[in-house]
Structures are given as structure tokens and as C-alpha cells.
**Student:** 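Structure incoming, see below.
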Amino acid sequence: MLGNEAIARGAYEAGVKVSAAYPGTPSTEISENIVKYEEIYAEWSPNEKVATEVAIGASISGVRAMASMKHVGVNVASDPLYTISYGGVNGGLVLVAADDPGLYSSQNEQDTRCVARAAMVPVLEPSDSQEAKDFVKFAYEISEKYDTPVIVRTTTRLAHSQGTVTLEERIEPEDKPYERNPAKFVMMPGNAIGRHVYVEKRMKAMAQDSSSFEINRAEYNDTSIGFITSGIPYQYVKEACPNASVLKLGMVHPLPRKLIEEFASKVEKLYIFEELEPVIEEQVKSWGIEAIGKEIFTVQGEYSANMLREKVLHEEIQVKEPAKVPARPPILCPGCPHRSVYSVLNKLKIHAAGDIGCYTLGAVAPLNVIDTTVCMGASISTLHGMEKAKGREYIKNWVAVIGDSTFLHTGVNSLMNMVYNQATGTVIILDNSTTGMTGHQDHAATGKTLKGEIVPAINIYELCKAMGIKHVTEVDAFDTKELERIVKEEVARDEVSVIITKAPCVLLKGNVFPYKCRPVIDQCKKCGACLRPGCPALTKNADGTITIDDTMCNGCGLCEQLCKFNAIERVEA
């Protein structure tokens, strides 16, 4: 099983009844596998905060519940997470957080363990697919025993690697009775003061008990060298230093101090091998234990067995000369509606405050439209901040761009803020009818749930109108002439306006492409206008004419519209 698949299986076997998530690489496949189990209610929530609150509600009602997200999603979920740490649980409550060392698909490399320490929430970290399943089940035991939410932390390498998993039957724990308890679940200041004291006691009890947890284990071999490690780095230790003694931590917060002190006393030289931040290292060293960690190991990117061979065993690593192949920067797909929109913005020399999604690629050549990208929903607020800082004239050649799923995630509040605070500015919602970046998941505006049920779709146009925005316009993303006219008109307004560009993602299942674009060579003036949007289906020949790859072309017609000499024709496929 993939690590994510094993996590889903663990939730099933643990008797989970409610699962909520927002898709985000590398966590997405957890929910896509959970939904296969009819015994679990599973949903895509509009964002991670809502997903966590759904799971909290299920837990308070007395059933086992889970919320899943990537590491930056934990930021969005941190408001309810910090508070439910005080409140505790009724039914077991687990939050799965998938970190991304190496930045494979994220805007930062933050370490969820740091959030967990601040929130006073325990963290389990599996090292393979079998543990991914088993640790989820153990997390529910801990959650209910110690009255706490529990974070199961994974990383990209674990989430997307495979391992053998032994399956077990699902248990069906009885729903815990709900009893009204405002002192526990109503976090007003007077109640929170008492719960904070409880949380401190809970963490101390877990720290003491964790020395005897089976998921924390010492593997004694050659005691001249010892490692404290967890998660995927444990696999690198076993590969590079198979004869070393290892303290493998399954619970990385709170740390089993007694077990660590005992292990440290039995090895001559101690290394702490953990990806990203020195979370374990700082605590261990604060206890007066001598250890080597970030002095030789980086805080950036993924670790490897070769890192140990080089830094600990002092072996000379033979780095193979990389193959000399052409650079392949990320690029929008052939026929992507975002390329059409950006070609218009580029032509009009308009800057865009960007957001998180496939459309972030509008920042790179040859489109060069996106100037900023911070986090989900930030495009609209960034544009608002620019206007309030520098005035209306400053942003007359600016827009905010945001995808349909991201708009529903956190863009709605930002747009509401623009209206409420009497801003000016144009927001372009790139509606491609899916959550494209993470693999085409549905959302509240697609009319379909995670379980495939057909439901009423949120109407983004009407939603914007309901905020009091007078000028909301829908336009075909590939109608470049009309889009250009609308953009010019809207950016000139002294009020908030919204343009919704509509065209489905080219990779959506069921899409039928009835046309192909083909060059008419004898009409070509070799001006290169068709090449400016950077469609990968088009290639410039040595003589200046173009070739269109029939296997890549989806017949969107953008290149045909850009050609003023009828040198490209759209024909039936």
C-alpha cells in the first residue's frame, strides 16, 4: 500500500465514522482511499479549518473522527486545533498532517512538530506503510485515553512510497455518550484557564508513559555509535548504518525522556537524525545530553542514506554527472484555459497578485503575469493591501487571480473584505470546474461530493452578486477578444469588480476535444505571435515556421486567435 492508502486503512480498522479534508499534496490520497469504505462518512470541506471543525464536532458527539491535510493546511486549521487541545475529545480525534521536505509541491518546508509543540498536541510519526496503518489506530487509543487530539505526521516520501501491509478487521467501538459539559467544550476565558492546567498535566503524563510505548523502541547493536531518529529518516539510518544502535521514536512529541536518557547513556557517540527543524535535538540537548545534530545535518530538504555515509561514515560519495538533457520547467498543459487568460493580461501589460494553484505558473516565462503568491486566498487581500497603501491609480494595471476551489477555500472572505472596506480593484476567478493542482477533486461549486453524489452547486456568480458587487461578468476563457474588452473595462472602474473566466480543466475526465489546430505554412509570416503564450504543442522550426504536435493539441484555438494572417486553422479532429 501507499502510505496514504495505509493511513486510510488504519482509519477504517480503528472504527472511524467521520473523515473531513481539503485536498493538498502530499495528503490528498488519504481521503480518496477513505471514501472507498462505506462505513465512513467522508467529505471534501471548503478548507482545512472547516474540515478540522467537522471532525471536532463528530468527536464531541462521541464517535472517532479524522481530519487530513498538508502542512500548510495545518496553518489554516490551527485556530480550532489550538483550542480543541484545551477542550480535549469525546470520541477519538486524529489530525493527519503531511509535511513536504524538499518542497515537491509546497510554498514552504514548515515542520508540523513545531506547531504541535506550541499547541500541546502529541505527534506520532510512522516510518513505513505498515506503521502508517498501525500508528493511526494507536493514535485513537492515545486520544481517548489521554483526552487529547493527536497528530499523525507524515512526509511526502512516506505518503507516496509503498510497503507491505498486514490487514486486520475493523473494530466498531461503541459511540461514547454525549454529556453536556460547558467547562470542557466552551472555551471562554474562565473555562480555558482550568483546561490549560489540565493540558499541562496531560502532556507530563504522556511524556512519562511514552517511555513504555511499543512505538518507541531501542535497537541495540554496536554501541560505539547511536542514532535517535523517527519517520522516514529511520529507513536511511538502517540502510547506511545497519550495525549502529538506534532509538526509533514513534511518538516525537512529547518525548520519552527516561528512554532517551537510558539510550544516550549506553552509546559512545550520539547522533540525532531528523529532517527539517531540530525539534528532538533541542529538547535532548536541553537535558544536558551530548549529541550531534544540525551541526552536520541540514535543516533544508529531504535526508538520504548518502548524507549519513558522507557526514557520519566519512565516505566519499561518487556523484554521477547528471544526464545532459534539455531543461523542462513546469508549464501549463496544452489547451489550459489559464494560458488564454494570461495571454490577454500579458498583452495588456497587467500585473497579477497570484494564488495557490496550477495558475501560479503564470509567474514564469513566457507568460510573466503573476507577481506575488503567498498562500491560499491571499491574491485578493494582497491586491486590497496594495490599493490601500498606494491608492487607486497604483493598481490600475493590476488584478487579482484566483481559482474556483481556492476562491471557496479562503477567497470569499477576502473579497468580502474588499467590499466591506470600500476598495477598488478587479478580481479574476479562473473557474476551471475542479481543484486542478491536486488531481481534479470536486468542491462546493462543481455539484458533486467526494462520494460522487450529485448535489446543488454553489453559484460563484450569484455569490459575488450577493456581496453587493455590481459588476460581475462571466466570460468564456478562450474568447480572447471579449475577455480583453472586459478586462479593460473592469480595471478602469473605481469600485470592486469580478470577472469569472469559465472553461473546464483540459484534463478533466469526459472532456471531448472535437478540434485540432494545424499550421497553414504558406500563410505563415514567421512573426511568432502564436508562440508567445508558450503552448507546448507548438514548436518553432529552423525556417521560422511552426509545427503543431497533433498528439498534444487539444484544439483550444488560442494560437489561431493570435495569428493575424490565417496561418493556423482549426479543423475537426
**Student:** Taking atom CD1 of Ile499 and atom CD1 of Ile429, what is their separation to the nearest 0.5 Å?
**Tutor:** 10.0 Å

**Student:** Please evaluate residues Val76 and His409 with respect to the criterion side chain to side chain contact (heavy atoms under 4.5 Å, CB included), reporting the C-alpha separation (whole Å), side-chain torsions for both, the decisive distance (0.1 Å), and the verdict.
**Tutor:** CA-CA 10 Å; Val76 183; His409 180 280; 4.1 Å; yes

**Student:** Hey, what do you get for CG (Leu158) to CZ (Arg153), rounding to the nearest 0.5 Å?
**Tutor:** 10.5 Å

**Student:** In plain terms, say whether Lys137 and Glu141 are close enough for a salt bridge, that is, a side-chain N and a carboxylate O under 4.0 Å apart.
**Tutor:** no

**Student:** Quick one: does NZ or CZ of Arg9 land under 6.0 Å from the six-membered ring centre of Tyr12, within 45 degrees of the ring axis?
**Tutor:**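 Judged by the rule, Arg9 and Tyr12 form no cation-pi pair.
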
**Student:** Could you point out which residue of Thr112, Thr156, Thr155 forms a side-chain hydrogen bond (donor to acceptor under 3.5 Å, both in side chains) with Asp99?
**Tutor:**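 Filter result, single survivor: Thr112.
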
**Student:** Could Lys285 and Glu281 be called an ion pair, given the rule that one side-chain N must be under 4.0 Å from one carboxylate O?
**Tutor:**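 Between Glu281 and Lys285 there is a salt bridge, with a charged N closer than 4.0 Å to a carboxylate O.
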
**Student:** State, yes or no, whether a side-chain contact exists between Asp100 and Glu109 at a heavy-atom distance under 4.5 Å.
**Tutor:**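 Not touching, per the 4.5 Å side-chain cut-off.
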
**Student:** Answer with yes or no whether the side chains of Ser85 and Arg202 bring together a donor and an acceptor at under 3.5 Å.
**Tutor:**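 Present: a donor and an acceptor within the cut-off.
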
**Student:** Can we call the ring centroids of Tyr303 and Tyr236 under 6.0 Å apart?
**Tutor:**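 No; Tyr236 has its ring centre 6.0 Å or more from that of Tyr303.
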
**Student:** Tell me the closest heavy-atom pair linking Ile215 and Phe135, and the distance in Å.
**Tutor:**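 Residues Ile215 and Phe135, closest heavy atoms: CG2-CE1, 3.4 Å.
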
**Student:** Taking the six-membered ring for Trp and the single ring otherwise, decide whether the centroids of Phe138 and Phe213 are under 6.0 Å apart.
**Tutor:**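 So the answer is yes for these two rings.
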
**Student:** Dump the intermediate steps for salt bridge (charged side-chain N to carboxylate O under 4.0 Å, His left out) on Glu48 and Lys70, then the final yes or no.
**Tutor:** CA-CA 9 Å; Glu48 295 86 357; Lys70 69 182 296 176; over 6 Å; no

**Student:** In terms of side-chain geometry, is the basic nitrogen of Glu172 or Arg170 positioned less than 4.0 Å from the acidic oxygen of its partner?
**Tutor:** yes

